[in-house]
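Data first, discussion second: the structure below is written as structure tokens.
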Number of protein chains: 2
Amino acid sequence: MVYTEKRIEHALRQGGYKITPQRRTIINAIIHSHEHLTPAEIHERVRREHPGIGLVTIYRTLEILAELGLICEMHAGGNCRSYLIRRPSEHHHHLICSDCATVIDFTDCDLGELERRLSKETSFEISGHLLEFVGLCRKCREKTMAG
Amino acid sequence: MVYTEKRIEHALRQGGYKITPQRRTIINAIIHSHEHLTPAEIHERVRREHPGIGLVTIYRTLEILAELGLICEMHAGGNCRSYLIRRPSEHHHHLICSDCATVIDFTDCDLGELERRLSKETSFEISGHLLEFVGLCRKCREKTMAG
DNA sequence: TACTAAATGAAAAAGGTTTTCAGTTAGCAC
DNA sequence: GTGCTAACTGAAAACCTTTTTCATTTAGTA
């Protein structure tokens, strides 16, 4: 299942939040981008359609969307700023192009056995994990070879 | 192999950097902590022994240590600030207690097959990955149950 | 002991994120 | 539709973290 604008609005209403034009625009920007975006990038995009919008509103909306689990944070290799991307609702991970920042989601991480072993060896009760692969996508590889 | 103070100092000298009392103290603080520390936390600890030291010096030293690959960054679940921890020199990952922030390193992540499959399916040339497990260590679980 | 490149600390600058507050608005009751 | 209220917005200010600048000090070497 992929989140649509409608579903996200429904979830907001469910949570007691209001649907404002600003929020609609922000949600749209996130939904229609295939890259992860920083709050500043989202602001920039949203301003094209909604010039007066403040960066504060972006932050506030992102906070709510994250709280409701509708978006998720990213930790791109090296750089530790928080990025955001729309997410399919299942457990998933990211494969990130280090050059153009394209993100591909994948779900089958197969870490169950490793998790069980670690849990046994360390007596940790493991509740989750973060897995990201970084590399170069085909386009960027070709670009590099050509140049 | 685990980095000792001597080895780190050797690596610094190799890199053309000087060994100052401030750097010694910072390196010591990192080596002797089993938790990941923020620059501010390192500053606080280092100041006990070296009151006049500036936060800037921490940042500068951390930058060098990271450049030389002597420390590594962490991305603890949820929180996206950059943390640092001494590291065994091999490829490794972290298992982090979400309560007390204890970190356990592990090296055998076994992601080769997944990496090959992803690479094939997506035409990415994968160069690395980030894997972290989060959970509760035994102590914190017992604490929670008792309380 | 003297020299020089590198390092330090203080202060200022530069980001990014959060808080505050007065004014506006979505969603609901009537 | 009208009015009400809690929620939302934008601007400014406050906060924090990180980086830059610069004058002074120091490690390492000759």
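Convention: sequence-line order gives letters A, B, ...; per-chain numbering from 1.
For the salt bridge (charged side-chain N to carboxylate O under 4.0 Å, His left out) condition, no pair includes a residue of residues 46-57 of chain B, sequence neighbours left out.
Every salt bridge (charged side-chain N to carboxylate O under 4.0 Å, His left out) that A:Glu9 has, sequence neighbours left out, goes to A:Arg13, A:Arg24. The side chain to side chain contact (heavy atoms under 4.5 Å, CB included) check on B:Ile126 picks up A:Leu95, A:Phe133, B:Glu115, B:Leu118, B:Ser119, B:Phe124, with sequence neighbours excluded. By the side chain to side chain contact (heavy atoms under 4.5 Å, CB included) test, B:Asn28 is found to be paired with B:Glu5, B:His32, residues two or more places apart in sequence or in another chain being considered. Partners of B:Arg60 by side chain to side chain donor-acceptor pair (under 3.5 Å), not counting sequence neighbours: none found. Residues that satisfy the salt bridge (charged side-chain N to carboxylate O under 4.0 Å, His left out) test with A:Glu44, not counting sequence neighbours, are absent from this structure. Partners of A:His50 under the side chain to side chain contact (heavy atoms under 4.5 Å, CB included) rule, at least two apart in sequence or in another chain, are A:Pro21, A:Gln22, A:Thr25, A:Val46, A:Ile53.
Rounded to whole angstrom, the span from the CG atom of B:Leu55 across to the C1' atom of D:dT20 amounts to 14 Å. The CD1-C1' distance, from B:Ile58 to D:dT17, rounds to 14 Å in whole Å. Atom CD of A:Glu9 is separated from atom C1' of D:dC8 by 15 Å (rounded to the nearest Å). The distance from atom CD1 of A:Ile53 to atom P of D:dC8 is 14 Å, rounded to the nearest whole Å. Distance A:Arg23 CZ to D:dA7 P: 11 Å, rounded to the nearest Å. For B:Glu41 and D:dC16, the CD to C1' distance is 14 Å, given to the nearest whole Å.
Although no hydrogens or angles enter the test, the distance criterion places a donor-acceptor pair under 3.5 Å between the side chain of B:Arg23 and the main chain of B:Lys18.
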Heteroatom pairs (N/O) under 3.5 angstrom, protein to nucleotides 23-27 of chain D:
residue: D:dA27; atom: O3'; partner: B:Ile19; partner atom: O; Å: 3.2
residue: D:dA27; atom: N3; partner: B:Lys18; partner atom: NZ; Å: 3.1

Sort me out a list of protein N/O and nucleotides 11-15 of chain C N/O pairs below 3.5 Å, or just none if empty.
none

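Between A:Thr57 and B:Arg24, it is A:Thr57 whose nearest contact on DNA chain D lies nearer the 5' terminus.
Ring pair B:Phe106/B:His93 is tilted by interplanar angle, where 30° to 60° counts as tilted.
A:Arg60 comes within 4.0 angstrom of a base, heavy atoms only.
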